2 protein chains.
Amino acid sequence: MATIKELAKCCGVSVATVSNILNNKPGASDKTRKLVLEMAEQLNYTPNIVAKNLKMQKTRSIGVIAEDMTIFSIPDIIDGITDYCQKQEYQILLTNLRLFKKYNDTYYNKDDYYELVRQEIKKLMEKQVEGIIYVAAHERVIHCIPENLPIPAVMAYGYSKSRKIPSVVVDDVSGAAAIVTYLLDQGHKKVGVITGKPDSLHAQARLVGYQQVLFQNKILYDPGLVAEGDWTRESGYRCAAELLEKGVSAIFAMNDLMAGGVYDRVEELKQTIGNEISVAGYDDRELSGYYHPPLTTVSLPLHDIGYKASEWMIELLNGGELEHTEDNVCAVECMLLIRKSVKNIK
Amino acid sequence: MATIKELAKCCGVSVATVSNILNNKPGASDKTRKLVLEMAEQLNYTPNIVAKNLKMQKTRSIGVIAEDMTIFSIPDIIDGITDYCQKQEYQILLTNLRLFKKYNDTYYNKDDYYELVRQEIKKLMEKQVEGIIYVAAHERVIHCIPENLPIPAVMAYGYSKSRKIPSVVVDDVSGAAAIVTYLLDQGHKKVGVITGKPDSLHAQARLVGYQQVLFQNKILYDPGLVAEGDWTRESGYRCAAELLEKGVSAIFAMNDLMAGGVYDRVEELKQTIGNEISVAGYDDRELSGYYHPPLTTVSLPLHDIGYKASEWMIELLNGGELEHTEDNVCAVECMLLIRKSVKNIK
DNA sequence: TTGTACGCGTTATCAT
DNA sequence: ATGATAACGCGTACAA
């Protein structure tokens with residue numbers, strides 16, 4: 001833990017020379033260069049980045065504010081953030097809001113916690129982070145980042161609805177379109193849908209994807225085949241019962257949990273998924289791979305959202321312009337994950 | 001983003017006075033105190049913590065090195081760390097090794113990555129973190145933290161095997177004992193076990209828990225009732241077939257995945273879990289709550305491990321002594337989670 | 001090729 | 001009650 005001063009003294013040169021050598025600047029003889037480098041190794045010289053940051057007025061650090069680490073979507077997004085930031089040698093300062101633990105499932109309809117976020121942003125700025133990435137647990141419009149923030153901010157998995165704050169989200173429309181297309185390709189003509197809560201942006205976009213595909217295939221949109229779930233397995237069970245009576249051959253559940261509810265109902269009817277009835281889910285939750293049979297679903301590009309958000313962040317930091325799209329929203333594509341729950345009935 | 005200098009100038013006082021007032025030090029008239037406070041608000045004064053850290057030679061920050069954010073155990077541990085650290089006003093610098101992504105499932109038998117860890121530790125130390133918490137994905141002995149680290153370190157969910165580096169782990173013995181006791185209490189006399197890989201510390205400890213309870217209940221330990229799994233669902237299925245033929249009435253699977261394999265086998269035999277056969281798992285993975293019937297299992301104290309690790313860390317930082325136990329290992333208790341997969345046959 | 005001096009924003013010491 | 005100034009460790013003009 002020697003400082004640059006001590007190192008200079010040991011080498012019998014000035015700190016300036018040491019600094020130049022350590023930073024690969026020209027103007028030092030090979031002899032002193034070698035001496036200093038060796039001595040640095042020997043003394044286990046450890047630069048003090050805090051001092052460097054103060055001097056440089058840069059920290060190469062960004063603050064990451066996560067709504068709740070324990071929600072399944074968050075760790076993968078953060079993984080994507082760390083992936084890119086490590087390559088770019090940026091340090092992450094992590095703030096975990098623990099919203100779910102504090103407010104349970106209700107917080108994301110309220111603004112109570114906006115003040116909390118502002119405080120945390122302030123603390124992060126005092127620590128001289130160069131930018132802030134806010135990581136939401138579910139997509140929705142979130143106004144907790146002040147408009148006049150003097151440093152760049154990016155919203156991951158949520159909509160800032162601000163020209164100055166880019167948003168990186170899931171392309172739910174194309175994801176839903178992909179899986180419904182697959183269903184039709186397998187010969188299914190009458191495809192029921194189990195939606196999420198109607199005020200959810202995810203649910204709305206996924207429904208649009210479904211409708212688009214029907215239109216492209218010249219199939220009439222029958223609202224009677226759209227059952228309103230609430231993301232829970234129970235609601236999937238209930239909606240499945242309803243849709244099955246209407247004679248659908250396949251069901252698109254807007255998440256894997258509700259798809260599990262479909263399994264429950266079908267089992268109750270002594271039928272089997274992938275035979276009499278086909279099911280597709282959404283999200284690629286870990287458990288869906290263990291269903292019987294494994295669920296065909298759509299995997300969320302969570303890592304890529306984090307990755308993209310930090311790419312955008314660092315581009316901003318490097319003076320990039322904010323004119324990607326009109327509203328600065330980047331929708332990342334999902335991936336279709338074909339397993340065993342859909343039967344080809346052609 | 002005014003600095004203390006600008007604030008001082010605006011107030012017509014010296015920086016020293018401003019500093020004193022801002023830090024609630026005595027020696028300033030109420031009048032100037034009020035003036036400065038108001039002016040700070042008005043100018044939106046934001047202290048530069050980097051400068052403060054340099055001056056104070058303290059950062060109130062700790063480095064958290066996670067083996068891989070996307071492994072299920074890690075986010076909850078980090079949640080526990082952030083929980084306590086926020087209360088103590090310590091900042092987390094996060095380093096995500098992404099070991100699983102880089103090396104797949106094989107890394108934790110090798111030492112290849114030790115060098116990587118050392119580099120990351122060095123980077124963190126350059127940033128003047130006051131301590132380091134290493135968060136492992138699975139319990140095992142890990143020697144990647146140098147013995148002669150000049151700052152305190154704590155190992156979460158792993159064993160450092162070093163007197164100087166405390167370890168916080170799961171109390172697998174008592175966890176297994178709790179669930180086996182429960183099984184016996186429900187009237188089961190012949191309880192089969194499906195273990196994890198034999199070199200796993202988790203598997204070894206859980207087996208000891210099982211053996212202890214048999215001993216306490218004066219039941220002979222029959223090695224024939226112990227089947228060796230490898231944590232996968234398939235191995236659970238295989239071992240279940242084997243144990244069921246030996247006439248066990250209940251099976252303790254050492255993780256929820258393998259318990260799922262037991263469900264598979266029982267289903268195949270046209271029997272049902274919670275009736276003809278009882279099953280208990282371990283880990284409380286999310287999916288286990290969705291089994292039919294929901295799995296009785298043991299929940300891992302992941303949050304508490306993180307919380308305890310940071311408690312210990314900060315105690316060390318405050319000059320606490322390292323003499324808690326002889327080997328400085330803290331084993332945190334699990335919680336029995338009774339659901340529907342075990343039948344009372346008394 | 002190398003060294004001196006200064007500044008980054010803050011706190012602490014010592015005057016006044 | 002308040003102010004001037006020296007640190008903290010580093011990088012960088014500019015001088016030698």
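Below, read A as the first sequence line, B as the second, and so on, with proteins coming before strands; counting in each chain starts at 1. Remember, predicted model here, so these are calculated numbers, not experimental data.
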Using a strict threshold of under 4.0 Å (side-chain N to carboxylate O), is an ion pair present between [Y] and [X]?
{"X": "B/E120", "Y": "B/K123", "value": "yes"}
{"X": "B/D83", "Y": "A/K101", "value": "no"}
{"X": "A/E126", "Y": "B/R60", "value": "no"}

What I'd like to find out is whether the side chain of [X] reaches to under 4.5 Å of the side chain of [Y], using heavy atoms alone.
{"X": "B/K34", "Y": "B/E38", "result": "yes"}
{"X": "B/I165", "Y": "B/Y134", "result": "no"}
{"X": "B/I4", "Y": "B/P47", "result": "no"}
{"X": "A/L94", "Y": "A/M69", "result": "yes"}

Exercise for review: Extract, from 5' to 3' on DNA chain C, the first and final nucleotides lying under 4.0 angstrom from some heavy atom of chain B.
Suggested key: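 First-to-last contact on DNA chain C, by the 4.0 Å heavy-atom rule, is C/dC8 to C/dA12.
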
Review point. Would you say D/dC10 has OP1 or OP2 under 4.0 Å from some side-chain N or O of A/Y45?
Key: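 For D/dC10, OP1/OP2 do have a side-chain N/O of A/Y45 under 4.0 Å.
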
Check your understanding: For B/Q57 and D/dA7, is the shortest distance between a side-chain N/O and OP1 or OP2 below 4.0 Å?
Key ->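 B/Q57 to D/dA7 OP1/OP2: no side-chain N or O under 4.0 Å.
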
Please check this pair: side chain of [X] against backbone of [Y], looking for a donor-acceptor N/O pair closer than 3.5 Å.
{"X": "A/K102", "Y": "A/L97", "answer": "yes"}
{"X": "A/T46", "Y": "A/N44", "answer": "yes"}
{"X": "B/E67", "Y": "B/F100", "answer": "no"}

Check your understanding: Measuring from B/I92:CD1 to A/N96:CG, what's the distance to the nearest 0.5 Å?
Key ->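 Rounded to the nearest 0.5 Å, the CD1-CG separation comes to 10.0 Å.
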
Of all of [range], which get a heavy atom below 4.0 angstrom from DNA chain D, listed by number?
{"range": "residues 21-34 of chain A", "value": "A/N23, A/K25"}
{"range": "residues 6-17 of chain A", "value": "A/A16"}
{"range": "residues 47-55 of chain A", "value": "A/P47, A/N48, A/A51, A/K52, A/K55"}

Exercise for review: Show the numbers, then the answer: is there a side chain to side chain contact (heavy atoms under 4.5 Å, CB included) between B/M155 and B/I145?
Suggested key: CA-CA 9 Å; B/M155 174 74 67; B/I145 304 177; 4.0 Å; yes

Point to revise | Listed once per pair and sorted, the ring-ring contact (aromatic ring centres under 6.0 Å, His included) pairs that draw on residues 3-27 of chain B, sequence neighbours left out | key: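 Residue pairs passing ring-ring contact (aromatic ring centres under 6.0 Å, His included), neighbours aside: none found.
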
Practice item. Please round to 10 degrees the angle between the axis of the first five pairs and the axis of the last five pairs in the helix from C/dT1-D/dA16 to C/dT16-D/dA1. Key: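 One end axis against the other gives 50°.
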
Practice item. Report the distance from atom CD1 of A/I4 to atom P of D/dG9, rounded to the nearest whole Å. Key: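 Answer to the nearest Å: 12 Å.
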
**Study point:** Criterion side-chain contact (heavy atoms from CB on, under 4.5 Å) against A/V18, the qualifying member of A/N23, A/T32, A/L7
**Key:**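 Considering A/N23, A/T32, A/L7, a side-chain contact (heavy atoms from CB on, under 4.5 Å) with A/V18 is found only for A/L7.
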
Review point. How far apart are the C-alpha atoms of B/Y157 and B/I74, what are their side-chain angles, what is the distance that settles it, and do they pass the side chain to side chain contact (heavy atoms under 4.5 Å, CB included) test?
Key: CA-CA 9 Å; B/Y157 211 41; B/I74 304 253; over 6 Å; no

Point to revise | Whichever of B/N20 and B/T3 has its nearest DNA chain C nucleotide further upstream toward 5' | key: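 By nearest-heavy-atom nucleotide position, the 5'-most residue is B/T3.
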
